[in-house]
Amino acid sequence: MAKGVALGYISLLVLIPLAALLTNAFNHGLGAFWSAATGTESLDALRLTVTCSLLAAIFNAVAGTATAFVLVRDNFWGKAMLNTIIDLPFALPTVVAGVTFYTLYGPLSPFHVNITGSWVGITVAIMFVTLPFSVRSVQPVLESLSLDAEAAASTLGASPFHVFRTITLPAILPALLTGTGLAFARALGEYGSVVFISNNLPYRSEVASSYVYSLVSSGQVSSAASVAFVLLSCALVVLIASNVIARRLARRRG
Amino acid sequence: MTVSLDGVSKSFGHLLVLDDITDVFAEGEMTALLGPSGSGKSTLLRIIAGLTPLDSGRVLLSGRDVTKAPARDRHIGFCFQDYAPFRHLSVFGNIAYGLKVQRIPRAQRKAQVDELLGLVRLEEFADRYPHQLSGGQRQRMALARALAIKPDVLLLDEPFGALDAQVRGELRSWVRSLQRELGITTILVTHDQSEAMEIADRLVILNDGKIEQAGKPSFVYDHPATDFVAGFLGPITTLWGIDYRPHELELALDGDEGEKGTVTEVVRLGFEVRVVLTNQTSESTWVQLTHDQAKALNPVVGQKFVVRPRAQNLVHNDATSREARPID
């Protein structure tokens, strides 16, 4: 019974829209799909999206791990507050983030920093939106980690950095990989936070999601579905790969 | 290498865990830090290893002040209560860890690890991961890992606490003989007095962050300095207002010299038989008999006997036995 409800729910929300997307992408044949997906504007948008998403995911893997460490291992005034604020990018409408970044780092920047229309601006916006993924995936693993293993390594002569590299990092790596994979997949489709700061200049600063939007706006639904399908495939491959690797790493240690 | 503690104190918040501990652990000696939970014994062990900072006092290794040295510079082997295995490394990888840190070449490292695997009888388990080992095997792996760096001092925190009775007994005597063989200064933390008595050359009994008494196990057992030590190391019973070990008393037939009493309870625990007697003024004393002694007398509830001391009673407050070793 419960299984039926779960499967029905997932079909309604995920599987049926996916099938619809697939049909739309290929309803004019493989050739039409291919030319829509590999057109210059599409390729430029996809390249920019993947590059910025990858940069943001990697940066967040590092910064997110550091943040998780501080939240788990340190005690300071306002820690509970910081712990709550981490989730803000999840709760905040991405358009609000987009407007905020535009006013802070756009042409009207109070700091005279204008990163609109560049990959830097896009990456920063994506970093903000995906920060919780890394922090929240690493944090529970760090909390459950016994400090004795690290202490044991230090009695065996290891420096703090060596202890981190050889004991702590391997322990959190599966969770970190999963979190980074999720962040990357989420970043690929990011629209609201990026749309203002990117300026949407075709071939230069247009991300894939906004290219898809412009295609739909001009009535090219099938081409839009084709580009969307490529985005979806990228996200799926990364998700599956990060999960498989993480599981394989975790299985060894039981 | 000797380990000297000079006035070591430590508080966690407002709780004083160690209060001015001074003692010397001699070269090659096996010392048991014995005390109830919360007595500060594990904290003291971690302070010696450099894993917990102290508030005041000094830690010296053969005269060298290491109070401020981090754990990695102390060259002290430490076995943790839960063994603290490196879960992502095989048994071989765990034992090789310290040698790898020292950048010992691969071939030499392999030879040393193989030797250690033989020493702790884990040759066939080299490629296993910690979660695939039994408790006893995990504990031997932890010991080999600590011994790999050829430490000057070996610290064992409740090393047999998580094992079942049979494995514990075997491992205990094995660790004892290994320690003798290697001649390494060893300090072991335990709350089990029989374990401490069996394994240690010297006992240091801690209570409430203070050393209650230190000395040879048999001496401390026979001459406890305080009521706490007397009660912690073994059972005590009273006759004529004086403390005795129950095995220091004997039963004799009614009419002989001694305190008259009626048997109110007989408990048979395998080799040991406990007989409780109550006198006319309702004071109870219990006597520990061996199986053979009990067979000869065959005490039953309601029977009358006399109780009398077989040996000298416990000498309390023996000032010469109480003191921990001062630092030169």
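The shown structure was predicted, so the numbers you read here are calculated from the model rather than taken from an experiment. Every chain is numbered from 1, with letters handed out A, B, ... down the list of sequences.
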Notebook entry, point to check: Is any side-chain heavy atom of A:Pro160 less than 4.5 Å from a side-chain heavy atom of B:Arg72?
Noted result: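 A side-chain contact exists here, since the closest heavy-atom pair is under 4.5 Å.
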
Nearest-0.5 Å distance that lies between atom [atom1] in [X] and atom [atom2] in [Y]:
X	Y	atom1	atom2	result
B:Phe86	A:Glu150	CZ	CD	9.5 Å
B:Leu155	A:Thr155	CG	OG1	9.0 Å
B:Asn94	A:Leu156	CG	CG	9.5 Å

Contacting moiety of [X], where chain A heavy atoms sit under 4.5 Å:
X	result
B:Ala146	backbone
B:Arg46	side chain
B:Asp82	side chain
B:Leu51	side chain

Next item on the list: Kindly give the heavy-atom pair with the smallest separation between B:Phe80 and A:Asp148, and that separation in Å.
Entry: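 So the minimum-distance heavy-atom pair works out to CD2-CG, 3.4 Å.
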
Next item on the list: State, to 0.1 Å, how close A:Ala149 and B:Pro85 come at their nearest heavy-atom pair, and which atoms those are.
Entry: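 Looks like CB-O, 4.1 Å.
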
Give a yes or no on whether [X] atom [atom1] has more than 12 heavy-atom contacts from other residues, nucleotides or ligands under 6.0 Å away.
X	atom1	answer
A:Phe59	CZ	no
A:Phe161	CZ	no
B:Asp127	CG	no
A:Lys79	NZ	yes
B:Trp174	CH2	yes
B:Gln102	CD	yes
A:Tyr9	OH	no

Next item on the list: Side chain from CB out, backbone as N, CA, C, O: work out which of these in A:Ser146 comes under 4.5 Å of a heavy atom of chain B, or both, or neither.
Entry: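 Just the side chain, heavy atoms under 4.5 Å.
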
Check: For B:His88, which of A:Ile167, A:Leu249, A:Thr166 qualifies under side-chain contact (heavy atoms from CB on, under 4.5 Å)?
Finding: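 Between B:His88 and the candidates, side-chain contact (heavy atoms from CB on, under 4.5 Å) is satisfied uniquely by A:Ile167.
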
Margin query: Counting heavy-atom pairs closer than 4.5 Å to chain A, which one of B:Leu99, B:Asp73, B:Val101, B:Ile76 comes out on top?
Written below: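 Ranked by heavy-atom pairs under 4.5 Å with chain A, first place is B:Val101.
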
